[in-house]
Structure formats: structure tokens, C-alpha cells
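Working notes, beginning with the structure itself.
Proteins get letters first, then strands, A, B, ... in listed order; numbering begins at 1 in each.
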Protein chains: 2
Amino acid sequence: MRIGRAAEQALLETSTIRFYESAGVLPEPVRSDAGYRVYDEPDIELMRFVRRLRALGLPLDDIREIVHLRDSGVAPCQPVRDAIAREAEAVDDRMAELARLRGELRSLQKRMDSIVDQWPQVCVCHVIEDTKVRKRS
Amino acid sequence: MRIGRAAEQALLETSTIRFYESAGVLPEPVRSDAGYRVYDEPDIELMRFVRRLRALGLPLDDIREIVHLRDSGVAPCQPVRDAIAREAEAVDDRMAELARLRGELRSLQKRMDSIVDQWPQVCVCHVIEDTKVRKRS
DNA sequence: CCTTGACCTTCGAGTGACTCGAAGGTTTAT
DNA sequence: ATAAACCTTCGAGTCACTCGAAGGTCAAGG
């Protein structure tokens, strides 16, 4: 499959795939006679893996190392092992944080809806003012 | 108060405050005789407000508009509502991603542990060294 | 009074992770 | 056969900072 379809499958943009390749995060793929990049299912899997690591907020430098580790079978140095362990532990925290943010956003939405219902014309943004004062400071 | 203390109070970096000012998100502050930026409590409140909107993931363009609207006494409801709604949806997606990623990272950890168990003393880490050498030096 | 060090100034450049556009070649559907 | 959709590279642009150089200001200690 060519880059457009691959991007669709991996939920990345074609430009991002090319960028990851140029950054050494993804390997150089096979090319068709016309010079088009050609990918197969394992390639797509790798792209999805990288996308998930990025969604976590890992920098590309770290992802490059992790990807190399993943498909090289070479024993990782202790510092890298530690770094990855820390990162794995941090996922729980980030999930909790995200859950909190989600709740905050949802209740913010609800309050804004009800305020707009009450004062459709005026719509002075009480919610934001409120939030400003009330939130974790 | 000058920019250093303001940054401390608002939980922003001094460079970020100056950047926000140059981007038209924060207004130009009063200056001391020496030309130092001088802020008061309402200024700090505004900085905190901007910081929270950024933490929700809003782009500076949106925040600038919201801040201007807020200052001019007009309700920023619709822009804020739209932005919050978009962000809330994005958070749901990110949480699902994070859950899958968590499992993947944990299994990567296990794999690394077993590799180290198999070759406890080898640990040559070619890939990492390679990567480090190739890095911009 | 002088120096030291912390703080401030501007401006220009750098960073990370994309993202876009131009100029051109290829494939596919009608 | 031709139009539309897809691909190529390369260089430049974007966003939100972040840093460094070169210099001005100010309070405390010797």
C-alpha cells in the first residue's frame, strides 16, 4: 500500500510519515518502480505504535530509541531501561490527570449551556470568571 | 511587582510573559523609571486566566480573542464554548489511546527485562550508541 | 565608593514537531 | 486521452515557546 492509504490506516498525515522517516523514527520503506513509498501491515503497526507514544507526549528522540529497541532484540542499557520504566509509571498519572480534565471540561460545558439558557442575550461569561477564582491555585 | 515575581505568582516563565505580550495576548504593562515591566494583582489574575486556557489546550489566537472580548465587556461564550467542546472530544480520544498505550509500554518493559535476564552481562546497547553518535553533535 | 550578583532590557536565532506549497512525475477512472 | 487524484523532493513557514548576547539597574557587603 502507498503512503496515502497507510496514513489513513495509521491515523497519521502523509507529511508526518515522511517527517518521521526523515527523523529516523520510521525505517526507509520499500519503493515502487515509480519511486513511491510502499508499506505493509507491520509497517502500519509500527506507525500506530509511534502515534500512541507521541500521544503520550514522548519526544521523538525517545521514541526513536524505543522503536530501535523494540525491533532490534539488543539489550537496553540500564539508564534507558530506567527512563522507560519511569515513563511507563507516568502513564497512570497522566491518565488520572486526563480524567480530571475531562470532568472539568464536561461540567464547564454544562454550566455554560445552562447560563446561555438563562440569559440568551446577555451571556456574560460567569463560568470563566468563576473558574478563574475557584480552580486549583 | 516586576516580571520575575509576577512569573512566580502566575506560574509562568518571564520569557513566556514577554512572549504573550508580544503576541498581543497580554497588554503592555506600566514601566518603571528604569524601563522595567511593573504588574499589579489584576495583571497576575489575567496571566493565571491565560495559563489555564492554555492548559485546556486552546491556541493563543483563541485566547487573544477571548481576552479582548473579556476586557471589552462582551461575553466570550460562543468562542469559548466551541473551543471547550472541541477539546472535550479530543480528551475522550486521548484517554482511549492512553489506555492501549499503557498495556503496550508495560509489555515492552517485560520484554526488556527478559532480554536482560537472558544476557545479563552483555548489554552492549549498539542501537543506543549508534543513535547517540548520529545525533547532532 | 566600589564591586558583586541578581534582576531586568531588547533583539535575533534556535527548537520540536510538524505542515504547506511549488514544481514536477505516476496512476486510475471515465 | 485526458482529468483527477496521488505521489515525489525540497525549502520555507508555523506555533509556542526558549535561549543567548550585550547591556542597563539596583540593593547589599567590604
Tell me every residue that passes side-chain contact (heavy atoms from CB on, under 4.5 Å) with [X], counting only those two or more places apart in sequence or in another chain.
X       : result
B:Arg37 : B:Ile3, B:Arg18, B:Glu21, B:Pro29, B:Arg31, B:Tyr39
A:Glu45 : A:Glu41, A:Arg48
B:Asp40 : B:Pro42, B:Asp43
A:Ser15 : A:Glu13

According to side-chain hydrogen bond (donor to acceptor under 3.5 Å, both in side chains), who are the partners of B:Arg54, at least two apart in sequence or on a separate chain? none
To the nearest Å, how far apart are [X] [atom1] and [N] [atom2]?
X       : N      : atom1 : atom2 : value
B:Glu8  : C:dA6  : CD    : C1'   : 13 Å
B:Ile17 : C:dT9  : CD1   : C1'   : 15 Å
A:Met47 : C:dC18 : CE    : P     : 14 Å

Generate the contact string for nucleotides 21-30 of chain C. Rules: B means base contact, S means sugar-phosphate contact only, - means no protein heavy atom under 4.0 Å. ----BBS---
Each nucleotide N or O in nucleotides 9-11 of chain D that has a protein N or O under 3.5 Å away: list the pair and distance.
{"from": "D:dT9", "atom 1": "OP1", "to": "A:Arg31", "atom 2": "NH1", "distance (Å)": "3.4"}
{"from": "D:dT9", "atom 1": "OP1", "to": "A:Arg31", "atom 2": "NH2", "distance (Å)": "3.0"}
{"from": "D:dT9", "atom 1": "OP1", "to": "A:Arg37", "atom 2": "NH2", "distance (Å)": "3.4"}
{"from": "D:dT9", "atom 1": "OP2", "to": "A:Arg37", "atom 2": "NH1", "distance (Å)": "2.8"}
{"from": "D:dT9", "atom 1": "OP2", "to": "A:Arg37", "atom 2": "NH2", "distance (Å)": "2.9"}

Where B:Val25 and B:Leu60 come nearest, the two heavy atoms and their spacing: CG2-O, 4.1 Å
N/O-N/O pairs, protein side and nucleotides 14-18 of chain D side, under 3.5 Å:
{"from": "D:dA16", "atom 1": "OP1", "to": "B:Leu60", "atom 2": "N", "distance (Å)": "3.1"}
{"from": "D:dC17", "atom 1": "OP2", "to": "B:Tyr20", "atom 2": "OH", "distance (Å)": "2.6"}
{"from": "D:dC17", "atom 1": "OP2", "to": "B:Arg54", "atom 2": "NE", "distance (Å)": "3.1"}

So, do B:Leu46 and B:Phe49 sit near enough that their side-chain heavy atoms are less than 4.5 Å apart? yes
Test item: B:Arg5 and B:Glu8 side chains (from C-beta on) under 4.5 Å apart, heavy atoms: yes
Distances for protein N or O near nucleotides 2-4 of chain D N or O, under 3.5 Å:
none

Could you tell me which residues satisfy salt bridge (charged side-chain N to carboxylate O under 4.0 Å, His left out) with B:Arg2, sequence neighbours excluded, listed by chain and number? none
